[in-house]
Amino acid sequence: MLSKKKTLEALELMKEMYPDAEGELRAETPFQYLVAVMLSAQATDASVNKATPNLFEAYSTPHALAQADEADIRDLIRTIGLYKTKAKNIKKTAQEIDTTYQGQVPTTIKELMKLPGVGQKTANVVAGDLFNVPAIAVDTHVERISKRLRICKKSATLQEVETELMKKIPKEEWVLAHHTMILFGRYHCVARSPKCTTCPLIELCLEGQQRLKKQAN
DNA sequence: AAAACGGGGGC
DNA sequence: GCCCCAGTTTT
């Protein structure tokens with residue numbers, strides 16, 4: 001597996017490629033950011049950004065969304081995958097935040113995960129981005145990159161990937177590392193045809209070297 | 001551990 | 001057309 005030192009080297013190279021890594025979801029309030037992240041499950045950020053302005057224009061606060069008709073919410077997010085489940089979940093979550101949390105998005109991963117439709121990944125991203133809670137959300141990009149670089153073993157479970165990353169990256173850098181890896185995975189180390197020939201990390205990447213060797217044959 | 005949910009986008 | 005996408009929930 002890739003050593004701690006080389007993991008940090010790899011991360012530095014990624015940061016040089018994406019120096020201003022941030023989430024790409026648009027939102028004006030913590031609540032809207034939570035909803036945007038919930039909607040982004042198995043959907044592209046672009047498709048979410050297309051729907052959320054209309055949604056938030058109609059229902060901008062937890063209280064407003066909590067009162068909304070579920071069918072109306074559905075219509076506003078119909079262009080996003082899994083829209084039926086998501087409509088139900090964001091309404092329920094809005095109700096819970098409106099009543100149980102006085103309209104404020106809860107600030108801990110544990111509380112966030114109690115909300116319907118919020119799992120570990122959404123909770124980690126939201127807590128990290130909104131409340132500076134040290135967290136690494138292991139989404140599909142982070143998992144793929146961690147395995148290609150052998151930061152963890154290829155057979156690692158999501159939990160094992162997270163543990164390995166937390167072990168090798170200083171806590172203060174978890175949130176930024178997450179965003180940096182997302183962008184690197186989204187635009188360069190893509191799932192199907194990773195751009196290994198132009199990759200600054202090739203010297204550190206076992207799988208990339210194997211891919212190039214295979215290509216040469 | 002695997003299936004179900006699910007429309008949109010890249011190739 | 002097929003595969004993947006800032007996953008969660010149920011089986």
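From a predicted model like this one, the values you see are computed outputs, not experimental measurements. Both backbone and side-chain heavy atoms feed into the values below; hydrogens, waters and symmetry mates do not. Within every chain, numbering begins at 1; the chains are lettered A, B, ... in the order of the sequence lines, protein sequences first and strands thereafter.
Closest contact between the side chain of A:T44 and the listed nucleotides B:dC5, C:dC5, C:dT8 involves C:dC5. Closest to the side chain of A:T157, out of C:dC5, B:dG6, B:dA1, is B:dA1.
If you check every strand for non-hydrogen atoms under 4.0 Å, A:K84 touches sugar and phosphate atoms only. Residue A:S47 is out of contact with every strand shown, counting any heavy-atom pair closer than 4.0 Å. Among the heavy atoms of the strands lying under 4.0 Å from A:A191 are primed sugar atoms or P, OP1, OP2 only; no base atom is included. At a threshold of 4.0 angstrom between heavy atoms, the contacts of A:E24 include nucleobase atoms, whether or not backbone atoms are also involved. Using a 4.0 Å heavy-atom distance criterion, A:G119 is classed as a sugar-phosphate-only contact.
Applying the ring pair (Phe, Tyr, Trp, His ring centres under 6.0 Å) test to residues at least two apart or on different chains, the pairs with a partner in residues 178-209 of chain A are A:F184-A:H188.
The residues A:E70 and A:K84 are annotated as not salt-bridged, no charged nitrogen and carboxylate oxygen being separated by less than 4.0 angstrom. Taking 4.0 Å as the cut-off between side-chain N and carboxylate O, A:E96 and A:K92 do not count as a salt-bridged pair. Salt bridge status for A:K153 with A:E164: absent, with no side-chain N to carboxylate O gap under 4.0 Å.
Rounded to whole Å, the distance from CD1 on A:I80 to P on C:dT8 is 15 Å.
Taken residue by residue, residues 162-187 of chain A places no heavy atom nearer than 4.0 Å to DNA chain B.
Using P as the reference atom, B:dC5 and C:dG1 are 23 Å apart when rounded to the nearest Å. With both ends at atom P, the span from B:dG6 to C:dT11 equals 15 Å, rounded to whole Å. When the C1' atom is compared between B:dG9 and C:dT8, the two are found 22 Å apart, to the nearest whole Å.
Helical stems of DNA chain B (runs of at least 3 Watson-Crick or G-U pairs, donor-acceptor distances under 3.5 Å) are listed by first residue: B:1-5 with C:7-11, B:7-11 with C:1-5.
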Salt bridge (charged side-chain N to carboxylate O under 4.0 Å, His left out) evaluation trace for A:K15 with A:E173: CA-CA 11 Å; A:K15 277 197 224 165; A:E173 295 190 39; 3.1 Å; yes
Working note: A:E207 + A:K147, criterion salt bridge (charged side-chain N to carboxylate O under 4.0 Å, His left out); need CA distance, chi angles, decisive distance, verdict. CA-CA 9 Å; A:E207 183 158 329; A:K147 291 185 176 180; over 6 Å; no
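A side-chain N or O of A:E111 and one of A:T108 form a donor-acceptor pair less than 3.5 Å apart.
Look at A:Q42 and you'll find a side-chain N or O under 4.0 angstrom from OP1 or OP2 of C:dG7. In this model, the phosphate group of C:dC5 is approached by a side-chain N or O of A:T140 to a distance below 4.0 Å at OP1 or OP2. Under 4.0 angstrom from either OP1 or OP2 of B:dG8 there lies no side-chain N or O belonging to A:R78. Here A:T122 reaches the OP1 or OP2 of C:dT8: one of its side-chain N or O atoms lies under 4.0 Å away. Within the 4.0 Å cut-off from OP1 or OP2 of B:dG9, at least one side-chain nitrogen or oxygen of A:K50 is found.
Counting non-hydrogen atoms of other residues, nucleotides and ligands closer than 6.0 Å to CD of A:Q104 gives a total of 12 or fewer. Annotation for A:K88: atom NZ does not count as buried by contact number, only 12 or fewer foreign heavy atoms lying within 6.0 Å.
Nearer the 5' end of DNA chain B, as judged by each residue's closest nucleotide, is the contact made by A:A43, out of A:R192 and A:A43. The residue among A:P116 and A:D129 whose nearest nucleotide of DNA chain C is located toward the 5' end is A:D129.
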